[in-house]
2 protein chains.
Amino acid sequence: MAQRGRRTRRVSGDERQDAILVTAEALLGERAFDDISIEELARGAGISRPTFYFYFSSKDEVLLALLDRVITEVEHRVGDLPRDFESDPAGAWTRSIGMFVEVFVAHRGVATAAIAARARNDEVRALWSKSMQSWVDFSSDVIRSEQARGAAPEATDAHDLAVSLNLMNERVITAVLNQETPAIAESRALDVLSTIWIRSIYGSANPGRG
Amino acid sequence: MAQRGRRTRRVSGDERQDAILVTAEALLGERAFDDISIEELARGAGISRPTFYFYFSSKDEVLLALLDRVITEVEHRVGDLPRDFESDPAGAWTRSIGMFVEVFVAHRGVATAAIAARARNDEVRALWSKSMQSWVDFSSDVIRSEQARGAAPEATDAHDLAVSLNLMNERVITAVLNQETPAIAESRALDVLSTIWIRSIYGSANPGRG
DNA sequence: CGCGTTTTCAACAAGGTGTTGACTCTCCCG
DNA sequence: CGGGAGAGTCAACACCTTGTTGAAAACGCG
């Protein structure tokens with residue numbers, strides 16, 4: 001997944017490529033991906049626009065490279081996630097969801113740009129979906145083991161539940177980060193999301209009737 | 001909210017404006033909004049590109065007009081939503097969520113285009129958020145009344161819950177419609193979403209410990 | 001008819017993307 | 001150490017899309 005765009009690499013070209021990436025991440029912190037031109041990326045890295053194309057074949061490739069780093073970090077962190085669900089299910093889920101929140105907050109610009117670019121770019125979509133998949137796999141594994149030990153009802157398919165809850169997290173967190181309306185307060189997000197996860201995974205499906 | 005783009009209206013100009021809208025909706029059925037040029041919209045309506053600007057000031061205005069219709073329909077349908085939650089909470093919620101699903105499916109092209117355009121266009125964002133807001137208001141009203149009658153625990157803020165669950169619906173349904181990965185089967189969507197809603201609203205927050 | 005308003009579009013301007021071809025620089029090998 | 005093979009660079013070009021302008025055609029009504 002590394003080695004995007006460039007043919008070979010020897011001396012100082014790397015620095016240029018890096019400079020483009022650094023410029024892109026900085027600009028993404030202050031405005032939307034669509035509002036950043038290749039000209040700006042090039043100028044920020046101290047090169048001309050045509051030279052930009054020597055390093056990346058398009059603006060989307062830059063986003064892809066940025067996203068690539070985030071994905072790598074995510075897969076690492078998912079692997080390190082504690083699985084102490086038996087002793088403290090609520091706490092364990094909250095910590096897992098907290099990690100999700102942390103990644104979004106830490107790479108806010110890249111995450112929101114990638115989510116928007118996903119609609120038009122196949123490679124971005126594939127890469128993002130890989131990341132979501134690793135979260136979904138983690139969640140559904142845990143849900144299944146909670147069902148196996150009798151702590152959670154088996155009525156609902158673990159995979160469907162995991163997908164829906166992870167998509168909820170993605171959407172709620174982006175709404176919070178972008179300060180959309182409607183959204184919830186940033187300070188309440190983790191609490192609300194955890195509550196929904198826990199009730200959905202462990203709760204019964206029979207509300208009290210009138 | 002009607003009367004977008006045009007100064008006055010008298011005779012046959014309306015048909016042209018309508019033809020643009022019809023063309024847009026048809027094209028949105030087969031590809032993404034970004035991949036449709038104003039040239040195509042104009043040709044589809046039998047006019048030249050500059051003439052398009054007589055009717056709409058931009059491509060986004062066309063989407064806005066399309067979305068406007070959908071929003072109107074939504075507000076109408078939310079008002080007509082049954083509130084028979086006391087006798088059959090699960091069924092009532094499922095029917096309400098089903099309406100949400102129906103609207104997305106019926107206006108699939110407009111909905112997905114609007115969601116994508118929301119990121120860059122303030123007016124689209126405002127209009128979409130108005131629609132979400134009417135769903136959120138409905139949901140939180142019902143949640144609060146369920147809490148008041150003692151059927152649902154009051155531990156969680158009704159508004160925060162309503163926002164999160166509605167955002168989940170938005171995201172899960174678009175994932176299903178776009179056949180994303182990960183997603184769930186279209187036939188399972190309503191069932192899974194209802195389950196999560198019901199457990200989140202009525203369930204307790206205390207999972208069984210190991 | 002004749003005059004104002006509506007409607008139309010050729011032509012232009014601006015701004016972005018991606019490509020070409022030639023030039024420089026570096027460094028390594030003969 | 002001199003000459004080539006890349007790597008790296010960019011002016012200039014071609015192209016597409018959006019949005020504007022100004023003048024002309026069509027229409028309705030007195």
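- Listed by chain and residue number, A:T51 satisfy the side chain to side chain donor-acceptor pair (under 3.5 Å) test with A:S48 (two or more places apart in sequence, or in another chain).
- Across residues 42-51 of chain A, A:I47, A:S48, A:P50, A:T51 each have a non-hydrogen atom less than 4.0 Å from an atom of DNA chain D (numbered order).
- For B:D84, the side-chain contact (heavy atoms from CB on, under 4.5 Å) test picks out B:P82, B:S87, B:A92, B:R95, with sequence neighbours left out.
- For B:R144 and B:D157, the salt-bridge test fails: no basic side-chain N is under 4.0 Å from an acidic carboxylate O.
- In terms of the side chain to side chain donor-acceptor pair (under 3.5 Å) criterion, residue partners of B:E102 (sequence neighbours excluded) are, by chain and number, B:R77.
- When rounded to the nearest whole Å, the span between CZ of A:F56 and C1' of C:dT17 equals 17 Å.
- With sequence neighbours excluded, the residues satisfying side-chain contact (heavy atoms from CB on, under 4.5 Å) with B:N121 are B:D60, B:E123, B:V124.
- Residues passing the side chain to side chain donor-acceptor pair (under 3.5 Å) test with A:R108, sequence neighbours excluded: none.
- Per the geometry, CD belonging to B:Q17 stands 10 Å off P belonging to C:dT7, to the nearest Å.
- C:dT6 atom P lies 12 Å from atom OH of B:Y55, rounded to whole Å.
- Considering only side-chain atoms of A:F54, the nucleotide from C:dT8, C:dG18, D:dA7 that sits closest is D:dA7.
- Annotation: side-chain contact (heavy atoms from CB on, under 4.5 Å) contacts of B:E39 (sequence neighbours excluded): B:S37, B:R43, B:R49.
- Classified by interplanar angle (parallel below 30°, tilted 30° to 60°, perpendicular above 60°), the ring pair B:W135/B:F104 is tilted.
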Could you list all N or O pairs between the protein and nucleotides 21-23 of chain C that sit under 3.5 Å apart?
none

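- A straight line from CD of B:E15 to P of C:dT6 spans 17 Å, rounded to a whole angstrom.
- Within residues 20-39 of chain B, the residues having any heavy atom under 4.0 Å from DNA chain D are, by residue number, B:S37, B:I38.
- For residues 178-198 of chain B, every residue pair satisfying the salt bridge (Lys or Arg N to Asp or Glu O under 4.0 Å) rule, not counting sequence neighbours, is listed here: A:D160-B:R188, B:R171-B:E180, B:R188-B:D191.
- Between A:Y53 and D:dT9, a side-chain N or O to OP1/OP2 separation shorter than 4.0 Å is absent.
- With rounding to whole Å, A:F52 atom CZ is found 14 Å from C:dT19 atom C1'.
- Every pair passing ring pair (Phe, Tyr, Trp, His ring centres under 6.0 Å) that includes a residue from residues 163-201 of chain A is listed here, sequence neighbours excluded: A:W93-A:W197.
- With sequence neighbours excluded, the residues forming a side chain to side chain donor-acceptor pair (under 3.5 Å) with A:D122 are A:R125, listed by chain and number.
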